[in-house]
Amino acid sequence: MSVSNTQSTVAKAKLFLFTLLIACAALAGLFTYQYLQHDFETLDGKTYRWKGLEGQWVVVNYFAPWCAPCLREMPELAIFNSSLPEKTQLFAINYDPKSASELAEMTKEFNITIPVIVSSQDTKLPMKKPPYLPATFIIGPDGKVIDTIMGELTAAHLKQRLETLKGANE
């Protein structure tokens, strides 16, 4: 083999290895990016992906500080949250977007003790914003909204409704 053929082979090998290295770096970056992405974040800094909630029942309650029925049902939601049925998560989300600091101040003022989603442009929910409040959405284990409760509710009503839906989906 001549020197020029050897140099050509070495150059091709270097190019191949460089291309392979770039492809591996791009894939690593893509996987890291996807791993760090989340669908929503709660006020306490926890991040969630709907994919990670599959197999669970998720209850999302829309509220606002200007909505008297919303504030009346918050203690009921806290009672429900203190004895969540198995494989169930509860979240509240403020109807009007607020910064995390504004939201923290509001939850303290109104003694909201359940996990609150910080609404941002990046927040991804499986439902549209409701036309009026209060509104509670029940998302099934498949990640799809299976029930919407418009209006004020109690812990007992929510627990009973969830049990009925779970029984129907078994």
Please check this pair: side chain of [X] against backbone of [Y], looking for a donor-acceptor N/O pair closer than 3.5 Å.
X: Lys129; Y: Tyr95; result: yes
X: Gln56; Y: Lys87; result: no
X: Trp57; Y: Glu86; result: no
X: Gln89; Y: Val58; result: no
X: Asn61; Y: Ala92; result: no

Are the charged groups of Glu41 and Lys46 less than 4.0 angstrom apart, N to O?
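Looking at Glu41 and Lys46, the cut-off is not met.
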
[Y] and [X] side chains, donor-acceptor separation under 3.5 Å:
X: Gln160; Y: Thr164; answer: yes
X: Thr42; Y: Asp44; answer: yes
X: Lys166; Y: Thr88; answer: yes

Under 6.0 Å between the ring centres of Phe91 and Phe40?
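Centroid separation for Phe91 and Phe40: below 6.0 Å.
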
Nearest 0.5 Å, what's the OG1-CE distance between Thr136 and Met127?
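The OG1 atom of Thr136 sits 9.5 Å away from the CE atom of Met127.
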
Here the gap from Asn94 atom CG to Met106 atom CE, rounded to the nearest 0.5 Å, amounts to 3.5 Å

Can you tell me which residue among Thr148, Asp147, Val60 is in a side chain to side chain contact (heavy atoms under 4.5 Å, CB included) with Ile138?
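Going through Thr148, Asp147, Val60 one by one, the side chain to side chain contact (heavy atoms under 4.5 Å, CB included) with Ile138 is satisfied by Asp147 alone.
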
Does the side chain of Met150 reach to within under 4.5 Å of the side chain of Pro131, using non-hydrogen atoms?
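Answer yes - side chains close enough.
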
Start with the C-alpha distance between Leu125 and Tyr62, add both sets of side-chain angles, then the distance that settles side-chain contact (heavy atoms from CB on, under 4.5 Å), and finish with yes or no.
CA-CA 12 Å; Leu125 299 173; Tyr62 269 90; 3.4 Å; yes

